[in-house]
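Report on one structure; see the data block that follows.
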Amino acid sequence: MLYHPVTIGGVVLPGNLFLAPVAGYSDRAFRSVCREGGADFAYTEMVSSEALVRGSDKTALLMARAPNETQYAIQLFGGEPAVMAAAVRLILNGASAERGDAGTFGSADACGDAAERSFSARRFDVPEVIDINAGCPVPKITKTGAGSALTRDPDRLYKITEAAVRASAECAVAAKNIAADNAAAAKNGDEVKSLDAEAKNGAEAKISDAEVTIAGPVPITVKIRAGWDADHITWKEAACAAIEAGASAITLHGRTRAQGYEGAADWDALAELTALVAGETGGKVPVFGSGDVFSPEAAARMLEQTGCAGVMFARGAMGNPFIFIQTRRLLQTGSYEEIPVSVRMEAGLRELRCLIEDAGEESACRQMRKRFCAYSKGVAGGAALRAGIVTAETERDYVALFRAAGVL
């Protein structure tokens, strides 16, 4: 079967059709409508590990779970192993503060320092997966040694991935140890220590290399590119480095950094990578594909031609968050139905309302201009409709415009 569940580390996903991390797009508002449209799993837009460690208030919102997301991933980018490890701890710690779930995920006090404890107060949810961006081609990212610069530098990618895997495992072991101590104390009628008290007493988790592979409840995955340019195709070395460091899944975007988003994605490389990783890991580490998936038919071809475990939709989902359910129906039944324009536009309005909650009406309406332009593709009289979209300033403006155009 081309449509099937997928396991990443200890996380079981119900299907293999994902929303990719897309900067400026994959916020919780868009992820929410994609979840409604059948996405089995979604990734946040990339979050700077440096900004997170510095305590930027914006990062917490980028990492927020959508209300209807039962599972999701946070994607991080960065070029320094120590900073990446600190960022992973912060994510787990912040999630613990929100959930009060020290027995599972630990807290800043269990595995972090004072700066991490301060950040945890901002409260965001725990992701099921943390992904490392080793594919972004944007110069301001690559010049810091992050993004696709890591695909070109497998040694650094190994160090960053290993640091993230170890940080996740350390938090899990710390939480497990403190929970066990507290359970024993409660049974004996002794005082139960808080995680704050444990931190002040210098409690730390110490783990062996063997424990790293089994302790972390939050798997670390890596998304790479085919290479830096046509003369430096390094996907094989990058993938092997990430897997050796403990990555639980690999995603390949089959273009080089030099290609950006132009030209064709190399699905042959994806097929080779899928076979390589299956051989190296006995099928325990799934490989996902990204690039040139703009329709359900393209997704089916990618799965058939490459044997990859799952598909990530990026630009293909823009303006059509229902591409996931369409693809699933194609894979399961051999056909699917087109989505009425009114249904697409209503989904866009739900996205807008969620974005208003997070960013305010003025900012949300500006951000939705490009998104509604995508929603309007294929609509009769679309050019005139888009001329109105790019001047809309309020939710009421959008609703009036769409009703006048007969698309609601």
Side-chain angles (χ1 to χ4, degrees), residues 17-39 42-46 58 61-62 64-69 72 75 138 260-262 290 292-296 298-299 312-327 336-408:
L17 305 177
F18 309 150
L19 174 66
V22 183
Y25 238 99
S26 301
D27 50 35
R28 76 183 195 112
F30 186 57
R31 298 199 316 273
S32 177
V33 293
C34 286
R35 183 70 187 92
E36 291 176 1
Y43 294 69
T44 67
E45 52 189 304
M46 61 181 184
K58 294 181 180 179
L61 180 57
L62 290 175
R65 185 192 294 264
N68 59 350
E69 282 184 312
Y72 82 129
Q75 188 185 69
V138 177
Y261 299 96
E262 302 297 327
S290 177
D292 289 347
V293 187
F294 295 103
S295 67
M312 278 196 189
F313 293 87
R315 289 177 291 168
M318 295 178 185
N320 183 21
F322 300 97
I323 195 170
F324 304 96
I325 187 63
Q326 290 177 313
T327 302
Y336 65 93
E337 297 179 355
E338 293 297 334
I339 305 299
V341 172
S342 61
V343 174
R344 293 209 317 265
M345 302 310 285
E346 287 167 358
L349 287 173
R350 290 195 298 276
E351 181 181 350
L352 169 61
R353 291 174 188 131
C354 184
L355 197 55
I356 288 173
E357 291 180 11
D358 293 339
E361 186 171 33
E362 181 180 357
S363 176
C365 287
R366 286 199 307 268
Q367 292 181 56
M368 284 300 298
R369 289 172 180 172
K370 66 178 181 179
R371 303 188 191 191
F372 274 125
C373 284
Y375 278 106
S376 69
K377 288 181 179 178
V379 174
L385 180 59
R386 286 187 283 277
I389 287 172
V390 298
T391 62
E393 296 182 349
T394 67
E395 179 185 351
R396 182 175 296 180
D397 288 345
Y398 282 116
V399 173
L401 175 66
F402 298 152
R403 285 178 177 166
V407 295
L408 274 185

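Note that these values count all heavy atoms, side chains included, but never hydrogens, waters or copies made by symmetry.
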The reported gap from CD1 in I325 to OH in Y336 (rounded to nearest 0.5 angstrom) is 13.0 Å
Once rounded to the nearest 0.5 Å, what's the spacing between atom CZ of R315 and atom OH of Y261? 7.5 Å
State, to 0.1 Å, how close V22 and A314 come at their nearest heavy-atom pair, and which atoms those are. CG2-CB, 3.8 Å
Restricting to non-hydrogen atoms, name the atom on S26 and the atom on A20 that form the minimum distance, rounded to 0.1 Å. OG-O, 3.0 Å
How long is the straight-line distance from CG of N68 back to CD of E36, given to the nearest 0.5 Å? 5.5 Å
Calculate, to the nearest 0.5 Å, the distance between atoms CG and CD belonging to D358 and Q367 respectively. 9.5 Å
Heavy-atom nearest pair, A359 first then S363, reads O-CB, 3.5 Å
Side chain to side chain contact (heavy atoms under 4.5 Å, CB included) between V379 and V407, worked out: CA-CA 8 Å; V379 174; V407 295; 3.7 Å; yes
F324 and R35: CA distance, side-chain angles, deciding distance, side chain to side chain contact (heavy atoms under 4.5 Å, CB included) verdict: CA-CA 9 Å; F324 304 96; R35 183 70 187 92; over 6 Å; no
Heavy-atom donor-acceptor pair, E45 side chain to G24 backbone, under 3.5 Å: yes
Counterpart residues, ring-ring contact (aromatic ring centres under 6.0 Å, His included), relative to Y375 (two or more places apart): F372
side-chain contact (heavy atoms from CB on, under 4.5 Å) involving V390 - partner list, sequence neighbours excluded: C373
Closest non-hydrogen atom pair between C354 and A29, with its separation: SG-CA, 3.6 Å
Taking all heavy atoms of A299 and all of T327, pick out the closest pair and write down the distance. CB-CG2, 3.7 Å
Check against side chain to side chain contact (heavy atoms under 4.5 Å, CB included), F402 and L349: CA-CA 10 Å; F402 298 152; L349 287 173; 4.1 Å; yes
Per side-chain contact (heavy atoms from CB on, under 4.5 Å), C365 is matched among L355, L352, I389, D397 by L352
Rounded distance [0.5 Å steps], CE in M368 versus CZ in R371: 6.0 Å
Quick one: CD1 on I339 to CD1 on I323, what's the gap to the nearest 0.5 Å? 10.5 Å
Would you call R28 and E357 a salt bridge, using N to O less than 4.0 angstrom? yes
Is R344 close enough and on-axis enough to F322, meaning under 6.0 Å and within 45°, for cation-pi? no
Do the side chain of R31 and the main chain of T44 share a donor and acceptor less than 3.5 angstrom apart? no
Evaluate side chain to side chain contact (heavy atoms under 4.5 Å, CB included) for E338 paired with Q326, printing each intermediate quantity in order. CA-CA 8 Å; E338 293 297 334; Q326 290 177 313; 4.0 Å; yes
